[in-house]
A.B. asks: 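Submitted below is the structure of interest, expressed as structure tokens.
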Amino acid sequence: MREGLQKLVSKGILLKDEVNRGLRLRDYSPAEVTHLHEYREAIELAAARAACHNRSATDLVQLELLCDEMDQEAPNAPSPRWLELDWQFHQTLVEASGNERFINDFDLLMAECNYVFYRLPDTKIPAKSSENPLLSTLVHGVVDAHRQIGRLIGVRDTNGAVEAMRLHLAGLSNRVHRDLVKSQLAKKPQR
């Protein structure tokens with residue numbers, strides 16, 4: 001546990017809080033969120049490209065099974081289980097790339113992305129998809145995008161897989177960035 005926390009401190013995700021003699025989560029500016037998304041996109045697009053060449057039949061089955069589980073969990077999304085399945089889909093895709101550097105960096109990157117994109121008060125989604133038709137459409141859209149990415153990797157369509165992944169990640173980035181900017185504007189004093 002201590003080693004994991006130290007790793008998060010060394011990456012700047014957690015900060016030492018001298019006042020309370022502990023650790024605290026850092027705040028993210030809109031520019032930092034953009035940089036985080038750009039880094040994630042760079043790894044995942046390259047991983048999708050490599051996965052088209054290096055994936056195994058087992059990788060493809062795992063991706064499909066994860067999509068099936070996400071479909072089953074969709075009424076409760078964005079539940080912790082649904083977010084974990086989403087994370088596992090992306091992790092499995094990165095592992096299918098066979099690139100050890102991507103694999104080693106991705107787990108920590110996704111921990112930070114999970115915090116920034118889903119858990120910050122400014123970006124946390126307050127409802128379940130079963131209670132909100134728009135959210136339900138978005139949740140099912142994520143699963144559909146995952147299935148499409150998996151199919152394109154399965155047929156080794158490198159350009160198609162990379163473009164599908166780019167579009168999939170862009171939707172998340174746009175929502176989070178918009179919510180963060182909106183919350184930053186709300187915090188500014190009115191003149």
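All residue numbers in this chain count up from 1 along the given sequence.
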A.B. asks: Please report the closest heavy-atom contact between Q88 and L66, naming both atoms and the distance.
C.D. replies: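 Here Q88 and L66 meet closest at OE1-CD2, 3.2 Å.
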A.B. asks: Nearest heavy-atom pair of L93 and E44: which atoms, and what distance?
C.D. replies: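 So the two residues come closest at CD2-O, 4.4 Å.
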A.B. asks: Roughly how far, to the nearest 0.5 Å, is CG of L45 from CG of L169?
C.D. replies: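 Between atom CG of L169 and atom CG of L45 there are 6.5 Å.
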A.B. asks: Yes or no on salt bridge (Lys or Arg N to Asp or Glu O under 4.0 Å) for R166 and E163, after CA distance, side-chain angles and deciding distance?
C.D. replies: CA-CA 5 Å; R166 188 189 65 72; E163 182 61 13; 2.5 Å; yes
A.B. asks: Is a side-chain N or O of N104 found less than 3.5 angstrom from the main chain of R101, in a donor-acceptor match?
C.D. replies: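 No; zero donor-acceptor contacts below 3.5 Å.
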A.B. asks: So, taking the atom named CE in M70 and the one named CG in D144, what distance separates them when rounded to the nearest 0.5 Å?
C.D. replies: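 Between M70 CE and D144 CG, I get 10.5 Å after rounding to 0.5 Å.
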A.B. asks: Can you tell me how far OG of S97 sits from CD1 of I153, rounded to the nearest 0.5 angstrom?
C.D. replies: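 Answer rounded to 0.5 Å: 9.5 Å.
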A.B. asks: Check which hydrophobic residues are tied to L65 through side-chain heavy-atom contacts below 4.5 Å, counting indirect links as well, and list them.
C.D. replies: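 Hydrophobic cluster check, L65: joined to V61.
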A.B. asks: Is it the case that the side chain of R40 and the backbone of M110 share a donor-acceptor pair, with hydrogens and angles ignored and the cut-off at 3.5 Å?
C.D. replies: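 No, because the side chain of R40 does not come within donor-acceptor range (under 3.5 Å) of the backbone of M110.
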A.B. asks: Could you tell me if the side chain of R81 sits less than 4.5 Å from the side chain of E69, heavy atoms only?
C.D. replies: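 Yes; the side chains approach each other to less than 4.5 Å.
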A.B. asks: Counting C-beta onward and ignoring hydrogens, is there a side-chain heavy-atom pair between E64 and L60 closer than 4.5 Å?
C.D. replies: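 Not in contact.
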A.B. asks: For L152 and A164, which heavy atoms make the closest approach, and how far apart are they?
C.D. replies: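 It is CD1-CB, 3.8 Å.
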A.B. asks: Classify the angle between the aromatic ring planes of H146 and H168 as parallel (below 30°), tilted (30 to 60°) or perpendicular (above 60°).
C.D. replies: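 Perpendicular.
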A.B. asks: What distance separates E95 CD from T58 OG1, expressed to the nearest 0.5 Å?
C.D. replies: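 Rounded to the nearest 0.5 Å, the CD-OG1 separation comes to 12.5 Å.
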A.B. asks: Which atom pair, heavy atoms only, marks the closest approach of R156 to C52?
C.D. replies: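 So the two residues come closest at NH1-O, 2.8 Å.
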A.B. asks: Give, for atom CZ of R147 and atom CG of D71, the distance between the pair rounded to the nearest 0.5 Å.
C.D. replies: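 R147 atom CZ to D71 atom CG measures 5.0 Å (nearest 0.5 Å).
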A.B. asks: What is the distance from atom CH2 of W82 to atom CG of N76, rounded to the nearest 0.5 Å?
C.D. replies: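 Rounded to the nearest 0.5 Å, the CH2-CG separation comes out at 11.5 Å.
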A.B. asks: Looking only at non-hydrogen atoms, find the nearest pair between D105 and Y39 and report the distance.
C.D. replies: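 Closest heavy-atom pair between D105 and Y39: OD2-OH, 3.4 Å.
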A.B. asks: Give the minimum heavy-atom separation between C67 and F89, together with the two atoms involved.
C.D. replies: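 Answer, listing the atom of C67 first, then F89: SG-CE1, 3.9 Å.
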